[in-house]
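Structure record follows, encoded as structure tokens.
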Amino acid sequence: MANYDDVFVKSVENPEAFWAEAAEGIDWYKKWDRVLDATNPPFYRWFSGGTMNTCYNAVDRHVENGRGDQLAIIHDSPVTNSITKITYAELKDTVSTFAGALSSLGIKKGDTVIIYMPMILEAAYAMLACARIGAIHSVVFGGFAANELAIRINHAEPKLIITASGAIEGKKTLAYKPIVDEAIDIATHKVPTCIVLQRPFVTADLQDGRDVEWNALVAGAKPTDCVPVAATDPLYILYTSGTTGMPKGVIRDNGGHAVALHWSMKSIYDIDAGDVFWSASDVGWVVGHSYIVYGPLLKGATTILYEGKPIGTPDAGAFWRLISQHQVKSLFTAPTAFRAIKKEDPDGVFIKKYDISCFQCLYLAGERLDPDTYFWASNLLKVPVIDHWWQTETGWAIVANCRGIEELPVKPGSPTKPVPGYNVMVLDNEGTPVGPNVEGNIVVKLPLPPGTLPTLWKNDTRFVESYMSAFPGYYETSDGGYIDEDGYVYVMGRMDDVINIAGHRLSTGAMEEVIATHPDIAECAVIGTEDQLKGQLPVGLFVLKSGVDRDVEEIKTELVKMVRDKIGAIACFRESNVVARLPKTRSGKILRGTMRSIAAGKEYRMPSTIDDPVILEEITETLKSMGYPPK
Ligand code: COA
Ligand code: AMP
């Protein structure tokens, strides 16, 4: 067994040698000219000059290496009462045929394709088929409304959208196609083609000349081979919430991504080829990209695609049933899923029904792992419970307990230590490193390791402004926290207006932009408040335009509908209240951080630049009337 400290030191002292060795885990058509091109900081490029194909590495090579009969994907869908098992050989046939179908529509290397699909096999086929022909996919989470989809259509300018007629969300049936139709209508970029998978429980209307049905298209398609792409070519764009209504288009390259994810499967998750790995997330989020689809498949493991929820499909024993039935070695999910199970089944009655002796480790990420949930899960499962911290931008863990290298003792409340490749530091607001146990801005010294974002899609300026400007020479994570005397990192939460609802990343700024369009509202602020189940929930405070004397309850209901319609149900925006004024600095900046502290019942320092301190008393009263801080 290796020693964590040695591996970490090697990774930051000689990143080129470290990642060149890791790159041996990937098959290349042509090896790189340079491991790391650092000629144009802060734009770093990994494996420049190299060519490879991500789909080849995730699918074909396993068939060529004798794993054709091994299961690649198990689709387990309690909502449709079905389980489908796909071998690597079958995956290769299906993906190469669908890739042929994409080519027959004129999709080629460098084109962008939006995928708006529920948790079905075809979502993974679509992603892999794009990778196969060098097209750049952008998966949009199905919980986003038409307006959010339209924003992404305008920015990504796809030649094609791939969707399904609908989804089953817990006990509800949702039609997806009307959302796609509306998004295409409102988008200024006109999408010429749309592939629609008809699902048996909801039929989509197809528009002549634009829409093609998945099966009809595939029936006439011929399999196509993998296209060599540059290691530095984009594999995908994944939009993630920033502080404004315009999401950030995080780019993932092909080469660095494949190297890093392949390396992470063993080093972080201790997964070998042939093991069963289950990430209970959604393909619309980064966890779904990295650890439902690409990571496990690059490693030659079996991955599970779960179309269900931790509770209610049918009960709080769903996770244990899957682990037992599919012999899952490790599960990766968000703490909120465990809080939901704990709420339904606090004594762990359901787990006793299943033999889960195959299960070796639980990995949690997406939001802070509160010690209560950590202890509850540990006591219930009696296996290591590993918290790890990462972001859409990095694509894989920044801080983790790398069990495949050396399992370190867990300190509840900390995701453990920096993953090799990430030189994590804490700086004060002036950019000076702080000592142990002092809270500040968590940053990563450049260069970031392979697999992390090289830039933002069509927006180098925003990339530099958002991540590289506040602390030159470092990547700004926007998370605050500290490192203790043993080198354990503690992540305390976002320093910006991004919030985490049930492990989903959302922007309060985007919600404010929607609310601000209400005709009766002069200004507003949305803040994240603590929630026992979902971690955080948004709360809106708004000021009415002078002269408006409508029933405030009616306005509140309208706001809920507006946020649902414009952003989606996933924003979970349900609570708001009217206030006479919002607290601001003398220069007019709304003091959201101070209001967040009031809602959380945390001590706060009276901002020296506040224009009128009395407003804070009014805000405290209003929040109190809404139940904040919770008792
Ligand atoms: N498509 C359409 N709508 C969706 C959706 C999807 N893929 N996913 C969620 N929604 C909707 C839900 O139906 C719900 O709508 P409603 O307000 O009409 O009821 C709303 O968005 C909020 O969904 P969610 O936050 O998932 O709440 P929930 O109460 O349905 O479930 C949990 C709560 C904790 C069970 C659920 O959030 C969960 O399983 N979380 C796991 C976390 C996770 O996977 N995170 C990913 C990062 S690792
Ligand atoms: P996303 O980009 O959706 O993965 O969200 C990233 C954000 O989620 C981070 O910036 C953190 O604020 C939060 N986050 C993710 N994992 C953790 C964790 N293990 N502990 C604390 N916060 C986390």
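For the numbers below, each heavy atom of this structure counts, side chains included, while hydrogens, waters and symmetry mates do not.
Here E157 pairs with K458 in a salt bridge; the nearest charged N to carboxylate O distance falls below 4.0 Å. By the 4.0 Å N-to-carboxylate-O rule, R132 lies close enough to D60 to be salt-bridged with it. Remark: R45 does not engage D253 in a salt bridge, criterion side-chain N to carboxylate O under 4.0 Å. Taking a cutoff of 4.0 Å between a charged side-chain nitrogen and a carboxylate oxygen, R368 and D387 do not qualify as a salt bridge. For R505 and E393, the salt-bridge test passes: some basic side-chain N is under 4.0 Å from an acidic carboxylate O. Taking the charged nitrogens against the carboxylate oxygens, E21 and K10 do have a contact shorter than 4.0 Å, which makes a salt bridge.
Of the N and O atoms on the side chains of Y269 and Q360, not one donor lies less than 3.5 Å from an acceptor on the other residue. In this model, no donor atom of one side chain and acceptor atom of the other lie less than 3.5 Å apart for Y116 and R152. Between the side chains of T477 and D479, no donor-acceptor pair is found at a separation under 3.5 Å.
Here the closest heavy-atom approach between residue Y4 and residue P420 is recorded as CE1-CD, 4.2 Å.
Around NZ of K30, the count of heavy atoms belonging to other residues, nucleotides or ligands within 6.0 Å exceeds 12.
Classification of the H388-F332 ring pair by plane angle, with boundaries at 30° and 60°, yields tilted. Using cut-offs of 30° and 60° on the angle between ring planes, the pair Y306 and W278 is perpendicular. Between Y56 and Y29, the angle of the ring planes lies from 30° to 60°, which puts this pair in the tilted group. Note: W214 and Y125 have tilted aromatic rings, judged against thresholds of 30 and 60 degrees for the angle between ring planes.
Residues that satisfy the salt bridge (charged side-chain N to carboxylate O under 4.0 Å, His left out) test with R252, not counting sequence neighbours, are absent from this structure.
Exactly one residue among W263, Y236, W396 makes a ring-ring contact (aromatic ring centres under 6.0 Å, His included) with H257. That residue is Y236.
Proximity of V293 to V283: side-chain heavy atoms (C-beta onward) are separated by under 4.5 Å at one or more points.
The line from CG of L298 to CG of L261 is 6.0 Å long, rounded to the nearest 0.5 Å. To the nearest 0.5 angstrom, S103 atom OG is 10.0 Å from D111 atom CG.
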